[in-house]
**Student:** 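My structure is below; once you've seen it, I'll send some questions.
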Amino acid sequence: MILRIVAYAMVAVVHEGAELQVDLASGLMRGVTQIASPNCDARPPGVEADLIVVHGISLPPGEFGGPWIDRLFTNDLPLDAHPYFAEVGTLRVSSHLSVKRDGAITQYVKFTERAWHSGKSSFNGREGCNDFSIGIELEGTDTLAYDAAQYHALAELIAALCTAYPRLSPDRVVGHSDISPGRKTDPGPAFDWPHALGLIAKACTRPHRT
């Protein structure tokens, strides 16, 4: 289902050939596919997102495409479709956004709500990063290069988020491995952080409208 949003209360980032917009009233992003996940809850009172966490995910491991990420985040993963699904299919997890190999974007949780994406985690001594972060899943693995389309989509997403939410910024973007060291490795060595941060900086300095 493609989101339809009224024109008011919008913050937009305009870029080459496309436009991503955050609706401040709903916490949803215009211009992406919307699939609601039940795996979320309210952020603690008075807490707003001030961190962006980049993840890597593939279902089954090392395989791309198919509906499996969507179905994991909506508690509809068929446990008998692959041996790995029996291990993870009962987990209750989600992310705010995912980016497929071709750059297609899906939103599962409103930005104003807490997605269950980082688990046990800490940033600068602050525990429980789900409370104050936005999670973005990239379809990929630790060892296979991410696609160029994903880097560009990620940069535009982060630019839109930073424009909408002033507490976010390009220097507050981390990997899952940074906030859960020793427990998580994603997005992994295959993720080109210098390239990603360069694109994010460029996207965030591009003229935008509100």
Side-chain angles (χ1 to χ4, degrees), residues 1-4 15-21 28-40 52-111 115-119 133-161 173-177 180 183-193 195-196 199-200 203:
M1 179 179 66
I2 303 300
L3 177 65
R4 300 177 184 272
H15 54 93
E16 298 137 342
E19 179 179 288
L20 296 177
Q21 300 175 321
L28 297 173
M29 183 167 287
R30 183 179 181 181
V32 306
T33 299
Q34 297 287 338
I35 300 177
S37 171
N39 302 329
C40 60
I52 295 173
V53 180
V54 179
H55 301 258
I57 186 172
S58 60
L59 288 176
E63 297 183 22
F64 306 133
W68 308 126
I69 296 173
D70 295 343
R71 295 187 68 172
L72 174 66
F73 290 168
T74 54
N75 305 333
D76 188 38
L77 193 65
L79 303 186
D80 58 352
H82 188 278
Y84 183 69
F85 293 175
E87 298 179 31
V88 300
T90 58
L91 299 177
R92 294 297 176 257
V93 294
S94 64
S95 190
H96 291 92
L97 300 156
S98 73
V99 181
K100 293 184 178 180
R101 300 296 290 182
D102 62 0
I105 301 166
T106 300
Q107 182 173 8
Y108 304 94
V109 175
K110 297 176 181 180
F111 302 125
W116 302 344
H117 62 95
S118 66
S133 67
I134 288 174
I136 302 176
E137 295 273 2
L138 303 181
E139 189 177 29
T141 72
D142 285 8
T143 57
L144 184 65
Y146 289 82
D147 194 277
Q150 294 179 288
Y151 286 105
H152 286 281
L154 178 67
E156 300 303 341
L157 278 175
I158 290 175
L161 290 168
V173 179
V174 299
H176 197 184
S177 57
S180 300
R183 190 177 69 86
K184 295 293 182 179
T185 60
D186 59 305
F191 186 73
D192 189 341
W193 275 106
H195 178 56
L199 290 176
I200 291 167

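Source: prediction; values computed, not measured. Side chains are part of it too, since the values below use all heavy atoms of this structure and drop only hydrogens, waters and symmetry mates.
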**Student:** Keeping the roles fixed (side chain from S94, backbone from F73), state whether a donor-acceptor pair exists under 3.5 Å.
**Tutor:**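 Flag not set: sc S94 to bb F73 has no pair under 3.5 Å.
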**Student:** Which value, rounded to the nearest 0.5 Å, describes the distance between H96 atom NE2 and L28 atom CG?
**Tutor:**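 Rounded to the nearest 0.5 Å, the NE2-CG separation comes to 10.5 Å.
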**Student:** Could you give me the CA-CA distance, side-chain angles and deciding distance for T33 and D70, then say whether side-chain contact (heavy atoms from CB on, under 4.5 Å) is met?
**Tutor:** CA-CA 11 Å; T33 299; D70 295 343; over 6 Å; no
**Student:** Checking the side chain of E63 only, and the main-chain atoms of P60 only, is there a donor and an acceptor separated by less than 3.5 Å?
**Tutor:**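 Judged by distance alone, no pair lies under 3.5 Å.
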**Student:** At what distance, to the nearest 0.5 angstrom, does CZ of F85 lie from CZ of R71?
**Tutor:**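 Here the rounded value is 9.0 Å.
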**Student:** When you measure from the side chain of Q107 to the backbone N and O of V109, does any donor-acceptor pair fall under 3.5 Å?
**Tutor:**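 Here the side-chain-to-backbone pair exists.
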**Student:** Are side-chain heavy atoms of I57 and S98 found at a separation under 4.5 Å?
**Tutor:**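 Contact flag for I57/S98 side chains = no.
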**Student:** Without swapping roles, check the side chain of S180 against the backbone of R183 for a donor-acceptor pair under 3.5 Å.
**Tutor:**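 Not at all, since once roles are kept as given, no pair shorter than 3.5 Å links the two residues.
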**Student:** Rounded to the nearest 0.5 Å, what separation is found between the OG atom of S177 and the CG atom of D186?
**Tutor:**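 One finds 6.5 Å between OG of S177 and CG of D186.
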**Student:** Counting distance only, does the side-chain N/O of S133 pair as donor-acceptor with the main-chain N or O of G135 below 3.5 Å?
**Tutor:**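 No.
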**Student:** Has S37 got a side-chain atom pairing as donor or acceptor with Y108's backbone, closer than 3.5 angstrom?
**Tutor:**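 No; zero donor-acceptor contacts below 3.5 Å.
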**Student:** Specify whether F191 and W193 have parallel, tilted or perpendicular ring planes, treating 30° as the upper limit for parallel and 60° as the lower limit for perpendicular.
**Tutor:**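 Aromatic pair F191/W193 classed perpendicular.
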**Student:** Which pair of heavy atoms, one from A153 and one from V99, lies closest together, and at what distance?
**Tutor:**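 Heavy atoms only, the tightest pair is CB-CG1, 3.8 Å.
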**Student:** Quick one, L20 with V32, criterion side-chain contact (heavy atoms from CB on, under 4.5 Å). Give me CA distance, side-chain angles, the key distance, then yes/no.
**Tutor:** CA-CA 8 Å; L20 296 177; V32 306; 3.9 Å; yes
**Student:** Show the nearest heavy-atom pair for residues W68 and L59, with the distance to one decimal.
**Tutor:**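 Minimum heavy-atom contact is CD1-O, 3.4 Å.
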**Student:** What distance do H152 atom NE2 and L157 atom CG have between them, rounded to the nearest 0.5 Å?
**Tutor:**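 So the gap between those two atoms works out to 13.0 Å.
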**Student:** Looking at D142 and G188, what are the two nearest heavy atoms and their distance?
**Tutor:**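 Minimum heavy-atom contact is OD1-CA, 3.6 Å.
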**Student:** Give the C-alpha distance, both sets of side-chain angles, the deciding distance and a yes or no for side-chain contact (heavy atoms from CB on, under 4.5 Å) between L144 and R101.
**Tutor:** CA-CA 11 Å; L144 184 65; R101 300 296 290 182; 4.2 Å; yes
**Student:** Which pair of heavy atoms, one from L138 and one from Y146, lies closest together, and at what distance?
**Tutor:**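 Nearest pair, atom of L138 first, then Y146: CB-CE2, 3.6 Å.
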**Student:** Do you know the tightest heavy-atom contact between P61 and S58?
**Tutor:**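 Distance-wise, the nearest heavy atoms are CA-OG, 3.4 Å.
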**Student:** I'd like to know if the side chain of H176 and the backbone of P187 have a donor-acceptor N/O pair within less than 3.5 Å.
**Tutor:**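 No; judged by distance alone, with no hydrogens or angles, the pair does not exist.
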**Student:** Which distance, rounded to the nearest 0.5 Å, do you find between the CG of L77 and the NE2 of H82?
**Tutor:**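 Reported value, rounded in 0.5 Å steps: 10.5 Å.
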**Student:** Donor-acceptor check, side chain of Q34 to backbone of M29, threshold 3.5 angstrom: yes or no?
**Tutor:**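 Checked: pair present.
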**Student:** From T74 OG1 over to I35 CD1, what is the distance, rounded to the nearest 0.5 angstrom?
**Tutor:**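 CD1 of I35 is found 7.0 Å from OG1 of T74.
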**Student:** Which heavy atom of F64 sits nearest to which heavy atom of E139, and what is that distance?
**Tutor:**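 So the minimum-distance heavy-atom pair works out to CA-OE2, 3.4 Å.
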